[in-house]
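Step one of this worksheet: look at the structure below.
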Amino acid sequence: MAADGWSLGKHAFTSRLLVGTGKYKDFPTMKAALAASGAEVVTVAVRRLDLSKQGDESLLSWIPQGMKLLPNTAACFTADEAIRTARLGRELDMGDLVKLEVIGDKRTLFPDVEELVKAAAVLVKEGFTVLPYTNDDPVTARKLEDAGCAAVMPLGAPIGSGLGLRNPYNLRIIMETVKVPVLVDAGVGTASDAALAMELGAVAVLMNTAIAEAKDPVMMAEAMRDGVAAGRKSFLAGRIPMKLHASASSPMTGLIGT
Ligand SMILES: CC(=O)[C@@H](O)[C@H](O)COP(=O)(O)O
């Protein structure tokens, strides 16, 4: 199969799995899982980075070489906070990409979409390549695209829930509504969820908890890598239409004795 690449702004990728850095039991496990995932993009919460830590004590030093950093604005609850956090990431030399999170509710971690659209518009004007974590609402997705975001990242389910894709139909509508890449972000529980997201037509999947909190994070990272690749191939190959009744696998005409 010819290379099946995709891009975000000026950045080109082949892997369609993006991974996070939170919740690992230790840095060596995180590093091994990130490497096993085959992901090229790894997201890091700017507000959770402990800048006083150096060398092996710093999370950043455990990110495999060559992975692209995607700073995120986790734990921001207003547009202003998210904008300041994104700027801080840029000052720390983390590049132009930003995963924009503006959380509206502590219990569900659902996004505050008004603040999200506001923050996106400002950051796009400042030259960021903005990737907003949003809910599964096609209207918000369109507003984010209109604001100049390079992609939209609707949730599959609440962050860390592992519930899988709660509303695949809305995800499909979002994919039909916007022209920018649609990445499913959050809620994936296992490899079949990732495959399903790709079969629906997602350009990529971003996940953290399902790998970090698996019994064997390295093996789960491999499963997610394979699930994403299988789902993508299945999407490209085109599934058969579903039929209510049987259709025999062997032709019924010309049977001996008929
Ligand atoms: C790491 C990160 O950015 C999370 O906020 C992201 O949304 C992934 O969610 P899961 O942990 O549910 O995969």
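Hydrogens, waters and symmetry mates play no part in the numbers below; they use all other heavy atoms, side chains included. Worth saying up front: this structure is predicted, and the values here are computed from it rather than measured. Both counts, for ligands and for their atoms, begin at 1 and track the order of listing.
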Subject >> Partners meeting side-chain hydrogen bond (donor to acceptor under 3.5 Å, both in side chains) with Ser249 (sequence neighbours left out) >> reply: none
**OP:** Give the residue and atom name of whichever protein heavy atom lies nearest to atom 1 (C) of ligand 1, and the separation in Å to one decimal.
**Re:** Asn208 CB, 3.6 Å
**OP:** Among all protein heavy atoms, pick the one closest to atom 3 (O) of ligand 1 and tell me residue, atom and distance.
**Re:** Lys99 CE, 2.7 Å
Original post:
At a 4.0 Å threshold, what atoms of ligand 1 neighbour a non-hydrogen atom of Gly187?
Top reply: 10 (P), 12 (O)
**OP:** List the atom of Ala82, the atom of Leu100, and the distance in Å for their closest heavy-atom pair.
**Re:** CB-CD1, 3.8 Å
Subject >> Close-contact set for ligand 1 against Thr43 heavy atoms, below 4.0 Å >> reply: 1 (C), 3 (O)
Original post:
Nearest non-hydrogen atom to atom 9 (O) of ligand 1 belongs to which of Ala186, Ala74, Ala212?
Top reply: Ala186
Original post:
For Asn167, what residues pass the side-chain hydrogen bond (donor to acceptor under 3.5 Å, both in side chains) criterion, not counting sequence neighbours?
Top reply: Asn170
Original post:
Is there a nitrogen or oxygen of Val188 sitting under 3.5 Å from a nitrogen or oxygen of ligand 1?
Top reply: no
Original post:
Where do Leu109 and Tyr133 come nearest, in terms of heavy atoms and distance?
Top reply: O-OH, 3.3 Å
Original post:
How close do Glu40 and Thr14 get, heavy atom to heavy atom, and via which atoms?
Top reply: OE1-N, 2.8 Å
Original post:
Taking the side chain as C-beta and beyond, is there a heavy-atom pair between Phe77 and Asp112 under 4.5 Å?
Top reply: no
Original post:
If we only count N/O pairs under 3.5 Å, is Thr209 in contact with ligand 1?
Top reply: yes
Original post:
Of Met224, Glu101, Met207, which has the heavy atom at the shortest distance from atom 4 (C) of ligand 1?
Top reply: Glu101
Subject >> Separation between CG of Leu51 and NZ of Lys53, rounded to the nearest 0.5 Å >> reply: 10.5 Å
Original post:
Going by the atom numbers of ligand 1, which of them fall below 4.0 Å from some non-hydrogen atom of Gly160?
Top reply: 10 (P), 11 (O), 12 (O)
Subject >> For Asp185, atoms of ligand 1 separated by under 4.0 Å from a heavy atom >> reply: 6 (C), 7 (O), 8 (C)
